[in-house]
Amino acid sequence: MSEKQKKPQKLKARLPRGFVDRTAADIRAVDEMTAKIREVYERYGFDPVETPLFEYTDALGKFLPDADRPNEGVFSLQDDDDQWMSLRYDLTAPLARHVAENFQEIQLPYRTYRAGYVFRNEKPGPGRFRQFMQFDADTVGAAGVQADAEMCMMMADTMEALGIRRGDYVIRVNNRKVLDGVMEAIGLGGEENAGRRLTVLRAIDKLDKFGPEGVRLLLGEGRKDESGDFTKGAGLGADQIEKVLFFVGIKDYAESAAQLAELVAGTGRGAEGVDELNQIGHLVTSAGYDSDRIKIDPSVVRGLEYYTGPVFEAELQFAVTNEKGEKVVFGSVGGGGRYDGLVSRFMGQPVPATGFSIGVSRLMTALKNLGKLGQDEVVAPVLVTVMDGDTDSMGRYQRFTQALRSAGIRAEMYQGNWKKFGNQLKYADRRNCPIAIIQGGDERALGVVQIKDLIEGKRLAGEIEDNVTWREARVAQVVVSEEDMIQRVREILAHQADDRKRAGRG
């Protein structure tokens with residue numbers, strides 16, 4: 001007995017781990033936000049540039065973010081010429097390649113911005129995705145810290161352009177050279193101590209999570225967490241630990257600047273870094289940016305392995321409710337700094353550069369929490385219904401639709417099974433269409449259309465009582481001439497917009 005032939009299984013629809021589909025609301029929110037960011041960048045004299053999603057893997061270099069993952073943290077493939085290409089993991093390495101490849105044509109300083117998706121071959125988790133959008137601005141070819149100060153001022157202006165009030169954000173500034181000076185001052189200078197310095201950096205980076213005492217343990221012998229897992233520490237002595245904790249614990253830079261300068265006095269890079277911090281402080285203050293907007297803060301350590309001088313971070317100060325129902329400070333939405341070594345890899349000569357990167361998705365979440373994004377309702381299209389399916393009638397319905405579009409009104413002609421008219425109105429209801437245009441044979445003979453106000457009769461949330469009489473006076477369906485259709489549609493849409501405003505104030 002022959003086995004019954006198995007039916008082929010249909011393909012299972014599944015989203016790859018670490019990736020998300022974007023809804024219309026999210027896309028519009030991002031477009032709204034990036035338009036405001038772009039306006040600030042353009043005002044500062046930056047111009048757009050676009051680089052491809054793929055780069056040759058060797059162009060991404062040693063700055064790969066996650067070396068313990070397959071392909072060293074990036075998604076890679078081999079081309080037909082046996083060269084390896086990788087999806088970009090940030091927007092900075094591609095910019096460095098672009099500048100080096102076009103160095104003779106580019107006008108220095110080169111001031112540019114770009115937005116786009118980047119990809120990380122990392123283990124996905126809550127809020128941690130393998131594809132996300134960044135929005136960067138960079139200045140290449142400017143060695144002075146005035147370029148770094150300008151980046152900080154531009155970030156402050158960007159936060160305010162997005163509707164984030166002063167006091168709800170701060171741009172925090174540190175300097176890689178100062179930390180190098182502190183490391184040297186406690187005896188961790190030189191290449192032979194590179195591993196211990198990295199352990200110290202990682203310990204400092206846990207300051208927000210574990211507090212000073214937790215960091216003290218990580219700088220010393222190590223720390224055991226609540227589950228009993230033990231993290232080996234940097235093995236510093238008590239005096240060394242105190243110096244590091246003093247550095248990252250500075251709250252008021254003006255009060256502690258002299259002590260910090262004394263701590264790194266015997267180190268060339270440390271003293272240079274303190275001087276650069278002081279210059280940035282003077283420049284931003286002179287331009288009217290006080291410490292409530294741009295703050296010198298030695299506790300900023302993210303990215304210090306990557307950067308060569310000033311580093312900065314845009315941090316939001318307000319609290320939000322997390323998935324556990326706890327109130328937590330929102331935190332960082334972007335960061336950057338000076339990366340003088342990145343372009344130089346291609347050039348064989350020094351090429352200074354500084355830049356800033358905004359995490360678009362994270363910032364969008366913050367703006368939604370503040371009610372600063374996605375508040376403008378997108379009105380669904382007017383639906384031109386189909387009563388007759390002959391060619392002449394279809395042409396007439398299409399003409400109505402195009403006339404509405406030409407008048408700047410969102411419109412669509414029903415494209416489903418037109419023979420069941422009830423389904424068309426159900427479709428309009430699900431789409432939340434504001435108006436339906438109806439013309440059957442009788443209306444066509446008279447040169448008129450019926451305009452049905454689909455919102456009328458629906459009670460708006462928050463409707464105020466003194467609006468009832470005004471609403472009852474409106475007619476839900478009218479008959480007008482084809483020539484008057486556009487004008488009457490505009491009037492109904494205006495009434496509906498007024499309804500929404502009234503409901504919003506109620």
Side-chain angles (χ1 to χ4, degrees), residues 16-19 48-103 105-106 110 112-125 128-141 151 176 194-195 198 201-202 205 301-309 311-313 334-362:
R17 288 193 313 126
F19 296 87
V49 70
E50 185 172 283
T51 59
L53 296 177
F54 273 95
E55 293 284 341
Y56 284 119
T57 304
D58 60 2
L60 300 179
K62 65 180 181 180
F63 299 98
L64 299 176
D66 197 354
D68 61 350
R69 293 288 295 170
N71 299 322
E72 296 188 300
V74 295
F75 293 99
S76 302
L77 57 85
Q78 197 169 21
D79 204 357
D80 55 8
D81 60 359
D82 295 330
Q83 294 194 72
W84 281 94
M85 299 188 299
S86 299
L87 283 170
R88 63 192 182 193
Y89 66 84
D90 70 4
L91 300 178
T92 310
L95 176 69
R97 187 270 311 157
H98 171 77
V99 170
E101 195 170 9
N102 300 279
F103 199 72
E105 291 76 37
I106 286 175
Y110 182 47
T112 181
Y113 69 84
R114 60 228 167 275
Y117 283 108
V118 299
F119 303 85
R120 304 280 173 92
N121 187 5
E122 298 174 335
K123 185 177 180 180
R128 187 180 182 90
F129 300 105
R130 288 171 165 171
Q131 174 185 331
F132 52 94
M133 184 180 289
Q134 292 182 335
F135 202 144
D136 287 17
D138 294 81
T139 299
V140 180
M151 282 291 166
R176 167 64 192 265
L198 181 57
L201 279 175
R202 288 172 175 163
D205 195 29
V301 297
R302 290 178 178 86
L304 283 175
E305 294 175 69
Y306 179 94
Y307 296 113
T308 59
V311 292
F312 15 90
E313 188 169 58
R338 179 162 289 278
Y339 55 96
D340 288 349
L342 195 52
V343 183
S344 305
R345 292 190 306 124
F346 300 96
M347 301 295 297
Q349 66 185 69
V351 183
T354 186
F356 202 100
S357 180
I358 291 174
V360 171
S361 297
R362 184 166 173 80

- Message: Any heavy-atom pair between the side chains of F312 and T354 that's under 4.5 Å?
- Response: yes
- Query: Looking at R97 and P52, what are the two nearest heavy atoms and their distance?
  - Reply: NH2-CD, 3.7 Å
- Note on the structure: When rounded to the nearest 0.5 Å, the distance separating CD of Q134 from OG1 of T92 is 7.0 Å
- Task: State the OH-OG1 distance between Y339 and T308, to the nearest 0.5 angstrom.
- Result: 10.0 Å
- Look at the side chain of S344 and the backbone N and O of V351, then say whether any donor-acceptor pair between them is shorter than 3.5 Å. yes
- Message: Taking D81's backbone N and O only, do any of them form a donor-acceptor pair with D79's side chain (distance below 3.5 Å, no angle check)?
- Response: no
- Task: With the side chain counted from C-beta on, respond yes when R120 and Y89 share a heavy-atom pair under 4.5 Å apart, and no when they do not.
- Result: yes
- Where the side chain of R130 meets the backbone of E122, is there a donor-acceptor pair that is under 3.5 Å apart? yes
- Query: Taking the side chain as C-beta and beyond, is there a heavy-atom pair between L95 and Y110 under 4.5 Å?
  - Reply: yes
- Is a side-chain donor or acceptor of D340 paired with a backbone partner of A353 at a separation under 3.5 angstrom? yes
- Item | Spacing of Q83 atom CD and D58 atom CG [to the nearest 0.5 Å] | 7.5 Å
- Any sub-3.5 Å donor-acceptor pair from T51's side-chain atoms to P94's backbone N or O? no
- Query: Just by distance, do the side chain of R128 and the backbone of G18 share a donor-acceptor pair under 3.5 Å?
  - Reply: no
- Query: Which heavy-atom pair separates A93 from L60 by the least distance, and what is that distance?
  - Reply: CB-CD2, 3.9 Å
- Item | Euclidean distance, T57 OG1 relative to Q78 CD, rounded to 0.5 Å | 9.5 Å
- Query: What are the two closest heavy atoms between F132 and F129, and how far apart are they?
  - Reply: CD2-O, 3.7 Å
- Message: Under a 3.5 Å distance rule, please check whether R345 uses its side chain to pair with a backbone N or O of A59 as donor and acceptor.
- Response: yes
- Query: Does any non-hydrogen side-chain atom of D138 lie less than 4.5 Å from one of R114?
  - Reply: yes
- Query: Shortest non-hydrogen contact from F119 to Y117?
  - Reply: CE1-O, 3.9 Å
- Note on the structure: Between P352 and R338, the two heavy atoms sitting closest are CB-NH1, 3.5 Å
- Message: Are the side chains of V99 and F346 in contact, using a 4.5 Å heavy-atom criterion?
- Response: no
- Taking all heavy atoms of P48 and all of T112, pick out the closest pair and write down the distance. C-OG1, 4.0 Å
- Interatomic spacing from OG1 in T139 to CZ in F356 - rounded to 0.5 Å: 13.0 Å
- How long is the gap from OG on S86 to CZ on F75, to the nearest 0.5 Å? 10.5 Å
- Message: Any heavy-atom pair between the side chains of R88 and V74 that's under 4.5 Å?
- Response: no
